[in-house]
Amino acid sequence: MSDYKINAHVTRMNRHLPFSPAHDQIYEEYQKDSDTLDIKTKALDYLIEAVKNGAKLIVLTGDAGHGKTHLCRRILEAHLGYQSSRARELLLSSCNGYTEIINANGEKNVLPLRIHKDFSELEVPEAAKFLNEIALDDACITIICANEGRLRAVVSQAKSSGVAGAISDVFHQSFNSGLCTLDGRLHILNLNFQSIAGFDNKERSILGVAIKEWAEDAGRWNKSCGSCALQNRCPIYHNRVLLSQAEGGCGSRRLNRLEQIFATVERLGGVVTVREVLMSVAYLLTGGLTCTDVHVMCDKSREDGWQYEFAFYNLMFAPPKKIPRDRLQKGIPVLSYLMKLDPGKRAIRAVDDRLLNEGNVFPDGQLDLRLRLYLDGKQRTLDVASGIDDINANPVSKKERSQEAEQINRVVTSLRRRIFFDDDDSQGTLLQRLGFKYGDIFTKILSGSLTAQESLLYKNQILSGLHMIQGVRLNSKANSLYLVDPAFGKATSEAAIIARTVPSTQIQLLPMRLGWTVSVEQSVHSLVRSVNWIDRHIIVRFERVEGKADDLILDLMAFECVCRASAGYVAEEFYAHDLRRIRNFLGRIAEIARGDDSQINLFMNGQIHTISLDENIIQVNGG
Amino acid sequence: MTNLQAPELSIEMFGGVLDADSSASYPGLELINFLLGCSGGVLPEQADIKITRYAHDFARRLVRDETLSKEDKANVLADKHSEEAIRKLLKCLELELENITKSPTWMRTHFFPYTKSLTHWDARIRLGTDKVRIERQYLRGAGAYVFNVLRFDHDKQRLSAIREKLDDLFTKNADSPLESLAKTLRAHGAKDIEPVKDEKESESRQMREDGLEDLYRIGVQNILSHDSLPSVSKIKAIVNWTGIWLVVMGNKRSKLLAESNKPFFVMDCAGLNSQLRRASQRSLKGFIKRISDGIDIARGDRVISAAQAQKIKGFFTATAAGMRLINSLKGRRHFTFGLDCIETLALVAVNSNSELPFENFVHDWLFKECGFVIGRISAQEAGLLDDLDATIFEENEKMLSEQVKAVGMLRVYSDATKMVGLGKKND
């Protein structure tokens, strides 16, 4: 036992897990310096710049866990020069919204800060009163942390004049203009737009930074683990090896895949906070195990094979036996999204062929590929790196057959998950592997760099999907969108009246960020640049003659729904909610700017006919 | 002693004629007939009113009656192709009928009143004649009652707002191609030469002012306030809300008559927990029993046949099923919410340009106003936590929030704040 070591870094990661008794230490105010992970986010850069450039009031809004309090601590350090431990003390003692916090060195030319870190906890009338007492010409900078719902409630109750009115204006305008400030004095930094998975060529995402920091720090890992007798049998250390770039192999590729899969969650409408990222990373590396747990399990079982369920790629899509699924999903909600995306449940012939028939995809002897299986009535540990050929049970009853099938299923699922992270895009892009057939088009539109041909091609595909959703199955390709009268807006309609036609020249496909028109001068204050950004949806914009426009928002799932419809099939039940929203939208814009009523257009049998009402007799052309 | 008839007892118990034959969407259809056909305009002030009724028999027979003569068709439709095209078109506008195994007759076929000229009354051809007679068959009086609930509103400001918005609702699509076509087709059918008095309407004017009437009026006002919705969605919501409100009203007014421990609807929104499913099944049985007990108490010494009593009971289960408040019309049934129902309840709960916290929607609106038990607090107040675990209801509420979100009526601003509504204009 004396050769067994406890790694303080693992203990620290365990403290980030929601099922740890020491979980409260994840909250900024109660953290120790050694636990802190200071990630430089775009929101922090924006905050520092705003403070430097004359901001008087900054409202930090976003869900619990997005990092509002963390930003307050960082601005105390950056603007007023406090050490992190002292800044934390100030968070607890002086961030009540009334105390002015002055420069750490007493420099008088630095404007003091007044921080209200718990604004969401005030009763609405009290919060409204607080806002109306702030003056934007104070010799002090005020920072308020509030969740978005509470902020809305407060500004709607406070008087429409004064600071509350100004906040209300900036806040509501921000959704239309895409700007965080109108005058440079009052800023609203909306962290709900912050992405944890968005990354570009220059910088890794917040998730990527967190994994790199925690998986790669050789000092922290090698100090204890290097001399631990169980290093080679430890699933935690093995996860670190799998995810570490420094350890060579596929670490970097796996990291990219992890970022992409979290980005997919965000594009499916999931909101992932920074706190959740830290919990997720701690969970993926440790699986909820402590060093002591590993020691006990290794002692209990001399043979390996139990470790595979703690491999990060298995943890991501299925909980280990010791943690109930609902508890895990309640603690780390992003896992409920991830579990729905499990690549282990998707059979792709080419992939399965490589895994099961060709073999030699993975080198032998890897800890996560040794599985303890129940075959022929006893436990056997098999190395499944080359597939399932070694599973040679002789089932003689239905029970034994289903038992064998279950064991094979475990192996295949695990292998599919592992290869999902090890393969590069040449073996199929991530979205294709996850079952999003049209996902690559979605990301291409989000990239905003479509050629004219591509734009036309995808627009036609979307038009065709929107036609199908309305029940308009045209015989030929249409270069306009026919909007059926909302009374007929169902895919099962045999015939429908066309209420309005929108030529494709009046339709644009835009990534989320281009939904706002922001000038170059204003771009420093744009929402897109204020946080780590990811485009979560595309906008199908329908321009009206009078210069206005109607935007149909399609996230990844809704986009998939429209594109699948374009291929001729509308899965009414599966996409019920998206279809309802899309039909409501089309119904609404069909009523706008209706064409002249001298001619009625009718869709039937794949063609558009016209109806004339002459002398009270109805005639449909094309007979 | 003469036998008591269902309409008479129904008016005594609930204020209007609630009959199984006129369940589900029929009250809403009848209401729209009154709204658009009244000679004094939308929701007239004078008590005595007359209504002009249309049969729309030509269009209905074109869809469902093969005996419609060639001459009749030739007077309206230029050729065979036009006939086929218009028939297909009209089929898409039919009111969906459930629980039928064979093709309905033209008399059973109704068009959904998407536009003004698609609105029509019941009509039939009596045996031995070939004349179309406009008379009640599926529209039995429930719509006349809700029409009176709307127009005898003590809050004159609300009445005037509803009147104005209803007027807008149908004039908005007055120039639509569908309306033009429907108008032409309706002109070829029978109609009242002179506006007529409606007996059932005059019998259903007694308002109880027990808060339930206000609930209906507020709901209609809220639906009409959503300017960003297509007219069709608002008309559908009014028809659905009429059905849902009649069920809610029936439950509460029966409760006043019958002694009942738990006069609530236990909704199973998650479909995951068998205990909740059973509680919901029991709740449905309790609801039916409550109506049954109410009938027994209300009839007193008078005699009502089982068939007549069944007409009243049948109205509620068929309407609840039609409005997707219960999972099915037959078989093992329990209370749940269909998507149409959720959308309607959300539109009804909030006024345009305002939002309601989800917790208030679940507790204050769905539970306190309508009697739907979904969340933990509602379950506690309904006394259900003695038998069931609170977490079941927490999960139930969570599942409902996901469904409301999915129909586009919930905005999640943060993990702590979820608001029901279509969002504010600026967002």
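Chain letters run A, B, ... following the sequence lines, proteins first and then strands; every chain starts at 1. Heavy-atom basis, side chains included; hydrogens, waters and symmetry copies ignored.
The nearest pair of heavy atoms linking Asn616(A) to His188(B) is O-NE2, 3.0 Å. In this structure, Gln619(A) and Asp79(B) approach most closely via the heavy-atom pair NE2-OD2, 4.2 Å. Pairing each heavy atom of Arg580(A) with each of Asp340(B), the nearest pair is NH2-OD1, 2.8 Å. When all heavy atoms of Met604(A) and Ala85(B) are compared, the closest pair comes out as SD-CA, 3.4 Å. Contact detail for Phe488(A) and Leu89(B): the closest heavy-atom pair is CE2-O, 3.5 Å. Across every non-hydrogen atom of Val620(A) and Ser82(B), the tightest pair is N-OG, 2.9 Å.
With a 4.5 Å cut-off on non-hydrogen atoms, Glu343(B) touches chain A through its side chain but not through its backbone. In this structure, no portion of Arg581(A) lies under 4.5 Å from any heavy atom of chain B. In this structure, the portions of Ile497(A) lying under 4.5 Å from any heavy atom of chain B include both its backbone and its side chain. Of the atoms belonging to Asn605(A), it is side-chain heavy atoms, and not backbone ones, that fall under 4.5 Å from chain B. Interface residue Ile498(A): only backbone heavy atoms are found under 4.5 Å from chain B. For Ser228(B), the parts sitting under 4.5 Å from any heavy atom of chain A are the backbone and the side chain alike.
For Arg186(B), there are no salt bridge (Lys or Arg N to Asp or Glu O under 4.0 Å) partners, not counting sequence neighbours. Remark: Glu402(B) pairs with no residue by the salt bridge (Lys or Arg N to Asp or Glu O under 4.0 Å) rule, at least two apart or across chains.
Applying the 6.0 Å contact sphere to NZ of Lys88(B) captures more than 12 heavy atoms from other residues, nucleotides or ligands.
Between the CG atom in Leu613(A) and the OG atom in Ser180(B) there is a gap of 6.5 Å [rounded to 0.5 Å]. Within the model, atoms CD1 of Ile617(A) and CG of Asn75(B) stand 7.0 Å from one another, a figure rounded to the nearest 0.5 Å. Atom OG in Ser176(B) sits 14.5 Å away from atom CZ in Arg500(A) (nearest 0.5 Å).
Put simply, the side chain of Thr184(B) reaches to within 4.5 Å of the side chain of Ile618(A), judged on heavy atoms.
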Report task. Take Leu181(B) and Leu602(A) through the side chain to side chain contact (heavy atoms under 4.5 Å, CB included) test and state the conclusion after the steps. Result -> CA-CA 11 Å; Leu181(B) 186 68; Leu602(A) 163 74; over 6 Å; no
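Using a cutoff of 4.0 Å between basic side-chain nitrogens and carboxylate oxygens, Asp227(B) and Arg588(A) are not scored as salt-bridged.
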